[in-house]
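So the structure is just underneath, and the comments pick up after that.
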Amino acid sequence: MNFWHGKRVLLTGHTGFKGSWLGLWLSRLGAEVTGISLSPVTQPNLFTLLSSDAFLDSRILDVRDASSVAKIVKSCSPEIVFHLAAQPLVRDSYQDPINTYSTNVQGTVNVLDACREVESCRVIVVVTTDKVYHNPGDSFPFRETDALGGHDPYSASKAACEIVVSSYREAFLKNRGIAVASARAGNVIGGGDWSRDRLIPDAVRAWEGSGSLHVRNPQSIRPWQHVLDPLWGYLELARSLWDCPQLSDAYNFGPNPHEAATVREVIEQACLAFPSGTTVWGEVDQGPHEASWLALDNTRARTRLGVKPRWTLEKCLSQTMSWYRKYYEGESAGSLCENDIDAFELTEI
């Protein structure tokens, strides 16, 4: 873990759920972190609760602003870049496809293009999603070599982002000695997420207020994982690329395929922490199109990087629901996150 001490890291999307966790973890590891992102969009939000300004250099701006992105990248001279900034919600992508495509595609172009002008940069990890694959509903775990696609604007924009990453790697960055990889993570849960249209945050909001959670598609299967599992994958991917740039490629980070679970199974376990909570199954507006089955093959990450899932679904849900319960009982978000990271680091692989 000494690898990160003193490393200059640029983290886009640092005010989001995953970005806040990653910024905290990198700070614990001794990295010098500069963040680029819009202001947090939820109330409450983990970035503010962690007082993240105290441990990273936060720059509030839009990644679609190419000139501002280039100036900050030049000024902070990053050695390693994690690009997480995105419009991340499927429903929002239907309501505002132009913003979704411009943020997820052009924003990625702006970050990559700025990095190719900086001599210090050696590693870039671009985080996309498990939804980048063309999904015909065949119930086979997706491998990194499978065809890209996307029914909704969010998924399509992230698939396009993957093509941008590949193009910049081959056309520009490889020749500059910059290793570039993309990370495709499964459905991420964990304490501190208050985003709309996400299963666990929706459940916590409903149950904490003594209301009912309405679930559209209880039989949908997803590769659920605790936020620390893919973040650990991103950290290990960046460290591996530093020493072995030939590992530049796309990587799936998710639970083992047989551990993918239905929405109903997740909620039935989660509600054990909120026994007074109630759930209404499938009696609401079905909303936009959603694939009924999605799982990832994580073989490449296991064999090339030595990264495999640490926490089972049961452990993942236990940690997540305990985080929310203790937070609403008055414990600080910072101590809860620190405790989860400690527990994760002590988990035997």
Side-chain angles (χ1 to χ4, degrees), residues 17-18 21 88-90 129-133 135-143 146 155 183-193 195 197-207 212-233 251-275 277-284 286-299 301-302 307-325 340 343-344 347 349:
F17 166 57
K18 289 170 71 176
W21 275 97
L89 300 174
V90 172
T129 176
D130 57 354
K131 298 174 180 63
V132 298
Y133 296 105
N135 192 337
D138 293 339
S139 299
F140 288 103
F142 288 108
R143 298 170 296 178
D146 288 335
S155 301
R184 305 167 180 176
N187 285 45
V188 173
I189 61 177
D193 189 4
S195 300
D197 290 326
R198 288 183 180 165
L199 184 63
I200 294 300
D202 285 348
V204 170
R205 272 189 293 269
W207 296 339
S212 295
L213 171 68
H214 293 263
V215 177
R216 293 191 301 272
N217 301 301
Q219 297 309 313
S220 293
I221 295 175
R222 294 290 184 270
W224 311 95
Q225 58 185 329
H226 192 275
V227 62
L228 293 177
D229 255 316
L231 293 186
W232 172 248
Y251 291 86
N252 288 336
F253 294 101
N256 295 320
H258 69 276
E259 295 175 321
T262 67
V263 169
R264 179 181 285 274
E265 290 170 328
V266 169
I267 289 302
E268 287 177 345
Q269 289 192 47
C271 72
L272 297 177
F274 288 82
T278 59
T279 304
V280 178
W281 303 101
E283 295 182 7
V284 292
Q286 292 302 302
H289 168 82
E290 292 183 90
S292 61
W293 193 94
L294 179 57
L296 298 177
D297 184 322
N298 59 20
T299 302
R302 286 191 290 106
V307 172
K308 58 183 179 180
R310 290 196 181 190
W311 283 357
T312 63
L313 177 60
E314 181 180 2
K315 175 69 171 177
C316 166
L317 287 166
S318 172
Q319 293 291 135
T320 298
M321 303 313 290
S322 174
W323 193 105
Y324 283 110
R325 189 177 64 252
D340 276 1
F344 186 87
T347 301
I349 302 176

- Task: Side-chain contact test, heavy atoms from C-beta onward, threshold under 4.5 Å: evaluate it for Asn256 versus Asn298 and give yes or no.
- Result: yes
- Message: Restricting to non-hydrogen atoms, name the atom on Ala295 and the atom on Ala260 that form the minimum distance, rounded to 0.1 Å.
- Response: CB-CB, 4.2 Å
- Message: Taking side chain to side chain donor-acceptor pair (under 3.5 Å) as the definition, give me every residue that meets it alongside Ser212, ordered by chain and number, with sequence neighbours left out.
- Response: Thr278
- Query: Would you say Leu199 and Ile267 make side-chain contact, with heavy atoms under 4.5 Å?
  - Reply: yes
- Yes or no on side-chain contact (heavy atoms from CB on, under 4.5 Å) for Val188 and Trp224, after CA distance, side-chain angles and deciding distance? CA-CA 6 Å; Val188 173; Trp224 311 95; over 6 Å; no
- Task: Nearest 0.5 Å please: distance from the CG atom of Leu272 over to the OG atom of Ser318.
- Result: 9.5 Å
- Query: Between NZ of Lys308 and CH2 of Trp232, what distance do you get to the nearest 0.5 Å?
  - Reply: 13.0 Å
- Might you point out which heavy atoms bring Pro218 and Trp281 nearest each other, and give the distance in Å? CB-CE3, 3.4 Å
- Item | Heavy-atom side-chain contact between Leu313 and Pro255 under 4.5 Å | no
- Message: When you compare the side chain of Asp202 with that of Leu213, does any pair of heavy atoms fall below 4.5 Å?
- Response: yes
- In terms of heavy-atom contacts, Ser195 and Pro201 come closest through O-CB, 3.4 Å
- What pairs meet the salt bridge (charged side-chain N to carboxylate O under 4.0 Å, His left out) rule with one or both residues in residues 257-267, with sequence neighbours excluded? Arg264-Glu268
- Would you say the side chains of Arg143 and Tyr133 form a donor-acceptor pair under 3.5 Å? no
- Derivation of the side-chain contact (heavy atoms from CB on, under 4.5 Å) call for Leu294 and Asp130: CA-CA 8 Å; Leu294 179 57; Asp130 57 354; 3.4 Å; yes
- Message: The criterion is side chain to side chain contact (heavy atoms under 4.5 Å, CB included); which residues satisfy it with Ala270, sequence neighbours excluded?
- Response: Ile200, Trp207, Leu317, Met321
- Query: For Asp197, what residues pass the side chain to side chain donor-acceptor pair (under 3.5 Å) criterion, not counting sequence neighbours?
  - Reply: Arg91
- Item | No-hydrogen, no-angle side-chain donor-acceptor test under 3.5 Å, Ser220 and Trp293 | no
- Please name the pair of heavy atoms, one in Lys18 and one in Ala185, separated by the smallest distance, quoted to 0.1 Å. NZ-CB, 4.1 Å
- Query: Of all heavy-atom pairs between Thr320 and Gly191, which one has the smallest distance, and what is that distance?
  - Reply: CG2-N, 4.0 Å
- Task: Walk me through it: do Asp146 and Phe140 pass the test side-chain contact (heavy atoms from CB on, under 4.5 Å)?
- Result: CA-CA 11 Å; Asp146 288 335; Phe140 288 103; over 6 Å; no
- Item | Non-neighbouring partners of Ser155 that pass side chain to side chain contact (heavy atoms under 4.5 Å, CB included), sequence neighbours left out | Lys131, Asp152
- Do the side chain of Asn252 and the main chain of Asp297 share a donor and acceptor less than 3.5 angstrom apart? yes
- Task: Please examine the side chains of Asp193 and Arg198, heavy atoms only from C-beta on, and report whether any two atoms are closer than 4.5 Å.
- Result: yes
- Query: Would you call Phe142 and Asn135 a side-chain contact if the rule is heavy atoms closer than 4.5 Å?
  - Reply: yes
- Query: Would you call Gln225 and Trp311 a side-chain contact if the rule is heavy atoms closer than 4.5 Å?
  - Reply: no
- Item | Residue pair Val266 / Ala261: nearest heavy atoms and the distance that separates them | CG2-CB, 4.4 Å
- Task: In sequence, state the C-alpha distance, the side-chain angles, and the governing distance for Tyr251 and Arg184, and then conclude on side-chain contact (heavy atoms from CB on, under 4.5 Å).
- Result: CA-CA 6 Å; Tyr251 291 86; Arg184 305 167 180 176; over 6 Å; no
- Pairing residues for Gln319 by the side chain to side chain donor-acceptor pair (under 3.5 Å) criterion, not counting sequence neighbours: Lys315, Asp340
- Query: So do the side chains of Val227 and Phe17 get within less than 4.5 Å of each other, counting heavy atoms only?
  - Reply: yes
